[in-house]
Amino acid sequence: MSQYVFSEFRANELESLSRELSRVFDIQQPHLQSIYDTMRAQFEVDDFTPQYLPRSVFRSDDLAFQKSYNEALVIGIDIPGILEKNDGIWDKKTIVVLGQDPLRKSISRVEEIGIGTPYSLHQKRDRDQKSNPIYFDFIKILLDEGYRVYLTDIFKIWVSEPSKDQCIPLSNQDHNRFIQVLKAELKVFAPLAVITWGLKASNIITTLDINMRHLEFPHPSRAANGKWKELMGTSPTRENKVAFWRQTVSDYLASID
């Protein structure tokens, strides 16, 4: 039996999430359900079978951006994921962990869109791989504290340039569409608190007209180690970052729970 339960939604959560995602993607609830079902079935499988969506799943109202989207070398979509311990307690409070957007790498054109979850939450090899960034180390602390953790991105699509895997910004129209989806998501899952990773996510939360507790951190990746050193006042080793996260998050959640 798995130690964790992956994306087992409560009453009406999947229906509401599907309705919001359908505002930006051409994907209906039965298809979304089947994607989650496949991810759940392979949650403890080392050799995960990737899932793909056609490029037609997304269309922009901005013609210039649509042209760039059509020409992109590689595109990524991450759907939200939710995780909790498989301990028989099904009324846990929810913590949202919010990042910026998916990221994909490729040296050649990939026609279909690889679909995943933020920080590859659904893939066992990425959760277990110690050489990877410490996302799951952080998430496990929240799970061990007795919370369910909902991971999502502000922008659930990532679009590259046509000749290299460097991100291009969304159009203003599409940017605003995803912001509205995020705002609705937060209302659906009604978290005890929102934890943001990175400046972009933090800035977006502060501009939303929502009454939610917010705890901000630098991005967990090594690229933000300078910010972590400044925040912690010590060397940004993996061990130091995990210890700082554990103490800060535990103290903060204990004060509001």
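- When only modelled atom types and interatomic distance are considered, Ser160 and Gln166 share no side-chain donor-acceptor pair under 3.5 Å.
- Between the CD1 atom of Ile204 and the CD1 atom of Ile179 there is a distance of 3.5 Å, given to the nearest 0.5 Å.
- Taken to the nearest 0.5 Å, the CG atom of Asn176 stands 11.5 Å off from the CG atom of Asp61.
- Here the side chain of Arg109 pairs a donor or acceptor atom with the backbone of Ala72 at under 3.5 angstrom.
- Taken together through direct or relayed side-chain contacts under 4.5 Å among Ile, Leu, Val, Met, Phe, Trp and Tyr, Tyr52 and Val159 form parts of separate hydrophobic clusters.
- Environment of CD1 in Ile256: crowded, with over 12 heavy atoms of neighbouring residues, nucleotides or ligands closer than 6.0 Å.
- Between the side chains of Glu185 and Thr152, at least one donor-acceptor pair of N or O atoms lies under 3.5 Å.
- Residues Arg148 and Ile95 are not in side-chain contact: their nearest non-hydrogen atoms beyond the backbone lie 4.5 Å or more apart.
- In this structure, Tyr135 and His219 have perpendicular ring planes: the angle between them is above 60°, well past the 30° mark.
- For the atom pair NZ (Lys156) and CD (Glu20), the distance works out to 10.0 Å, reported to the nearest 0.5 Å.
- Hydrophobic clustering of Ile, Leu, Val, Met, Phe, Trp and Tyr side chains at less than 4.5 Å, counting indirect connections, unites Leu170 with Leu208.
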One pair to check against side-chain contact (heavy atoms from CB on, under 4.5 Å): Phe58 and Asp174. What are the steps and the verdict? CA-CA 10 Å; Phe58 176 81; Asp174 296 316; 3.8 Å; yes
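- Distance check, rounded to the nearest 0.5 Å: CH2 of Trp90 to CZ of Arg10 gives 10.0 Å.
- Residues Leu253 and Leu142 meet the side-chain proximity criterion, which asks for heavy atoms closer than 4.5 Å.
- Contact annotation: the side chain of Thr94 never approaches that of Leu192 to less than 4.5 Å [non-hydrogen atoms, C-beta and beyond].
- At a threshold of 4.5 Å between non-hydrogen side-chain atoms, the residues Leu53 and His31 count as touching.
- Closest approach of Lys85 and Lys92 over heavy atoms only: O-NZ, 3.3 Å.
- A donor-acceptor pair shorter than 3.5 Å can be found between the side chains of His214 and Thr196.
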Inset, instruction - Let me see the working for Phe217 and Phe138 under ring-ring contact (aromatic ring centres under 6.0 Å, His included), right down to the final yes or no. - result: CA-CA 11 Å; Phe217 287 91; Phe138 285 174; 7.3 Å; no
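- The only option from Arg127, Lys124, Arg125 that meets the salt bridge (Lys or Arg N to Asp or Glu O under 4.0 Å) definition with Asp46 turns out to be Lys124.
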_Ile157 vs Tyr69, side-chain contact (heavy atoms from CB on, under 4.5 Å): CA-CA, chis, key distance, verdict_ = CA-CA 11 Å; Ile157 193 167; Tyr69 174 86; 3.7 Å; yes
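- Heavy-atom contacts from other residues, nucleotides or ligands closer than 6.0 Å to CZ of Arg246 number 12 or fewer.
- Side chain to side chain, Gln66 and Asp62 fail the donor-acceptor criterion of an N or O pair below 3.5 Å.
- With a 6.0 Å radius and a threshold of 12 heavy atoms from other residues, nucleotides or ligands, Lys183 has its NZ atom above the threshold.
- Both Ile210 and Tyr150 sit in one connected hydrophobic cluster of ILVMFWY residues. Membership requires side-chain heavy atoms under 4.5 Å apart, directly or through other members.
- Without hydrogens or angle criteria, Arg40 side chain to Phe6 main chain gives a donor-acceptor distance under 3.5 Å.
- A donor-acceptor pair is defined here as one N or O able to donate and one able to accept, closer than 3.5 Å; no such pair exists between the side chain of Ser16 and the backbone of Glu13.
- Between the side chains of Gln33 and Asp37, at least one donor N or O lies within less than 3.5 Å of an accepting N or O.
- The hydrophobic clustering, which links ILVMFWY residues whose side-chain heavy atoms are closer than 4.5 Å, places Ile79 and Tyr4 together.
- Side chain of Thr248 to backbone of Phe244: a donor-acceptor contact under 3.5 angstrom is found.
- Counting heavy atoms from C-beta on, the side chains of Phe178 and Asp101 never come closer than 4.5 Å.
- For Lys241 and Trp245, the positive end is not near the middle of the six-membered ring at less than 6.0 Å and at most 45° from its axis.
- With respect to Arg55 and Glu71, no salt bridge is recorded, no charged nitrogen being found less than 4.0 Å from a carboxylate O.
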For Val96 and Leu151: C-alpha separation, side-chain torsions, deciding distance, then whether side-chain contact (heavy atoms from CB on, under 4.5 Å) applies. CA-CA 6 Å; Val96 167; Leu151 288 102; over 6 Å; no
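- For the residue pair Ala201 and Leu98, the shortest heavy atom distance occurs at CB-O, 3.6 Å.
- Using a 4.5 Å cut-off on side-chain heavy atoms (C-beta onward), Glu145 and Ser250 make contact.
- A salt bridge is absent between Asp26 and Arg59; no separation between the charged side-chain nitrogens and carboxylate oxygens falls under 4.0 Å.
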Item checked: Criterion side-chain contact (heavy atoms from CB on, under 4.5 Å) on Ser7 and Phe9, from CA distance to verdict -> CA-CA 6 Å; Ser7 292; Phe9 295 95; 3.9 Å; yes
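- Of the possible polar contacts, one joining the Asp165 side chain to the Ser106 backbone as a donor-acceptor pair under 3.5 Å is found.
- Nearest heavy atoms, Val97 versus Val149: CG2-CG1, 3.8 Å.
- Taking both residues in full, the closest heavy atoms of Thr117 and Pro80 are given as CG2-O, 4.4 Å, listed atom of the first, atom of the second, then distance.
- Centroid-to-centroid, the aromatic rings of Phe65 and His175 stay 6.0 Å apart or farther.
- Checking side-chain atoms of Arg23 against main-chain N and O of Val181 turns up no donor-acceptor pair under 3.5 Å.
- Other residues, nucleotides and ligands contribute more than 12 heavy atoms inside 6.0 Å of the CG atom of Asp251.
- Annotation for Val194 and Met212: closest pair CG2-SD, 4.0 Å, computed over non-hydrogen atoms.
- When each of Phe136, Phe43, Phe48 is checked for a ring-ring contact (aromatic ring centres under 6.0 Å, His included) with His122, only Phe48 meets the rule.
- Side-chain atoms of Arg222 and Pro236, non-hydrogen and from C-beta on, never get closer than 4.5 Å to each other.
- A donor and an acceptor atom, one from each side chain of Ser202 and Glu216, are located under 3.5 Å apart.
- There is a side-chain donor-acceptor pair under 3.5 Å between Tyr147 and Asp257.
- Nearest heavy-atom pair across Met39 and Ile115 is CE-O, 4.1 Å.
- Here Asp137 contributes atom CG and Glu239 contributes atom CD; the two are 9.0 Å apart, rounded to the nearest 0.5 Å.
- Both Phe189 and Ile139 are part of a single hydrophobic cluster, where members link through side-chain heavy atoms under 4.5 Å apart.
- For the pair Glu161/Leu73, no side-chain contact is recorded, criterion being any heavy-atom separation below 4.5 Å from C-beta on.
- Between the side chains of Asn240 and Thr237, at least one donor-acceptor pair of N or O atoms lies under 3.5 Å.
- A donor-acceptor contact under 3.5 angstrom links the side chains of Glu44 and Ser2, judged on distance only.
- Taken to the nearest 0.5 Å, the CG atom of Leu83 stands 9.5 Å off from the CD atom of Gln3.
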